[in-house]
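Only one structure is covered here, and it is reproduced in the block below.
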Amino acid sequence: MNEKIDESVVVPVITIDGPGGSGKGTVSRLIAGQLGWHFLDSGALYRLVALVALKRQLDLSVGSEISLIASKLDVEFKVDSGCGEAQILLEGRSVGDEIRSEQCADSASKVAALPAVREALLQRQRDFRCSPGLVADGRDMGSVVFPHAELKIFLDASAEERAQRRYKQLKEKGMSANLVTLLEEIQVRDARDRNRSVAPLIPAAGAILVDSTTQEIDEVVAGILEKWFKLT
Ligand code: DC
C-alpha cells in the first residue's frame, strides 16, 4: 500500500463521500470488490486516532498531541479475498469492533475537526492510490484528498433513515440501542462534520449527488457503476 504514485500512470479513483449511515462504507466496498480495486476506509483512520487518544485519556481538543498519534499510527488493513470488511490491526491487535462503538464515533468526529490531525493523515490516505484503482470512502475524499478523482459521488440519506439503519445494526449485534438517542447523536455529529473549518462535509466540486434514503444498497451500487462505465 506504500507504492508511490507514478505521475505518468493514471490510477483511477472513485470518491464516495457522505454522512455516517448513508451506506457509503458498504457501497464503496462492493464497488471496489466488483472492479477489483483497492478500498480506503478513511473514517477508520480517524476512529483509530480517537481510540488511541481515548486509551491515553488525552484532551481531544489538543491538536499537537493528537496529531502525533495520527502521524505515528501503526495500522494494517488486512484485506480478505472477498469484499467483506478488512481486519483492522492497531499495533498488531485487531480493533475492528472497538472502533465501531458510538463513543469512538463521537471522539473520531472531534479529532477529525483538528487541522493538524487531518494534515497528518493526508499522505497516508493518498498512499492507498495503487493500481488498478481505488475507491475512497469518507467526508473529504473528493474535495481534499483526491480532488482530481475521475468520479466523485456524494451519498446522502435522511438523518431519520440513518438512525434507523444504525438501530437495526446494533440490534442485530444484540446490543442495546435507543432510536431517539441515536438520531440526536447523528444530528450532533453531522453538525460538527458539516460546520468545521477544515474539510467540512460538503459535496466536492463536480460531485454527483445520490440519495440512498429509499434505495436498496444494490440499486445504489448499480447506479454508481453505471456512471463509472459511462465515463470509461
Ligand atoms: O465514516 P466514519 O463514521 O467511520 O467516520 C468517523 C468520523 O471521522 C466522522 O465523524 C467524520 C470523520 N471523518 C472525516 O472527518 N473525514 C473523513 N475523510 C472520514 C471520516
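When a ligand or atom number is given, it counts from 1 through the structure's own listing order. Because only heavy atoms are used, hydrogens play no part in the values below, and waters and symmetry mates are left out as well, while side chains stay in.
- Side chains of Arg192 and Asp106 form a contact here, defined as non-hydrogen atoms less than 4.5 Å apart.
- At a heavy-atom distance under 4.0 Å, no atom of Lys110 approaches ligand 1.
- The shortest side-chain heavy-atom distance between Val49 and Leu73 falls under the 4.5 Å cut-off.
- Residues Leu225 and Gln34 are in side-chain contact: their nearest non-hydrogen atoms beyond the backbone lie under 4.5 Å apart.
- No N or O atom of Arg189 sits closer than 3.5 Å to an N or O atom of ligand 1.
- Listed by first and then second residue, the salt bridge (Lys or Arg N to Asp or Glu O under 4.0 Å) pairs involving residues 89-100 are Asp41-Arg100, Lys55-Glu98, Arg93-Glu98 (not counting sequence neighbours).
- Of all atoms in ligand 1, numbered sequentially from 1 with element shown, those under 4.0 Å from a heavy atom of Met141 are 18 (N).
- Between the OG atom in Ser94 and the CG atom in Leu89 there is a gap of 6.0 Å [rounded to 0.5 Å].
- Taking every non-hydrogen atom of Lys24 and a distance limit under 4.0 Å, the qualifying atoms of ligand 1 come out as 1 (O).
- Heavy-atom proximity to Asp193, at under 4.0 Å, picks out these atoms of ligand 1: 9 (C), 10 (O), 11 (C).
- Of the polar atoms of Asp137, none of the N or O atoms is found under 3.5 Å from an N or O of ligand 1, judged by distance alone.
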Apply the test side-chain contact (heavy atoms from CB on, under 4.5 Å) to residues Val62 and Ser64: give CA-CA distance (whole Å), side-chain angles for both, the deciding distance (0.1 Å), then the verdict. CA-CA 6 Å; Val62 182; Ser64 53; 3.6 Å; yes

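- In this structure, Ala108 has a heavy atom closer than 4.0 Å to ligand 1.
- In terms of protein heavy-atom proximity, atom 19 (C) of ligand 1 is nearest to Ser42 OG, 3.4 Å.
- Here the shortest heavy-atom distance to atom 13 (N) of ligand 1, taken over Arg139, Arg47, Gln125, Arg100, belongs to Arg139.
- Given atom 20 (C) of ligand 1, the protein heavy atom at minimum distance is Gly43 CA, 3.5 Å.
- With respect to Ser212, the side chain to side chain donor-acceptor pair (under 3.5 Å) criterion is satisfied by exactly one of Arg162, Arg165, Glu161, Glu219: Arg165.
- With respect to atom 16 (N) of ligand 1, the closest heavy atom belonging to the protein is Arg118 NH2, 2.9 Å.
- At under 3.5 Å, not a single nitrogen or oxygen of Tyr46, backbone or side chain, sits near a nitrogen or oxygen of ligand 1.
- In this structure, Arg192 falls outside the shell of residues with a heavy atom less than 4.0 angstrom from ligand 1.
- Around NZ of Lys168, the count of heavy atoms belonging to other residues, nucleotides or ligands within 6.0 Å does not exceed 12.
- In this structure Gln169 satisfies the side chain to side chain contact (heavy atoms under 4.5 Å, CB included) test together with Arg166, sequence neighbours excluded.
- Ligand 1 places these atoms under 4.0 Å from at least one heavy atom of Ser109: 10 (O).
- In this structure, the protein non-hydrogen atom closest to atom 12 (C) of ligand 1 is Ala112 CB, 3.7 Å.
- Here Phe39 and Phe77 keep their ring centres 6.0 angstrom or further from each other.
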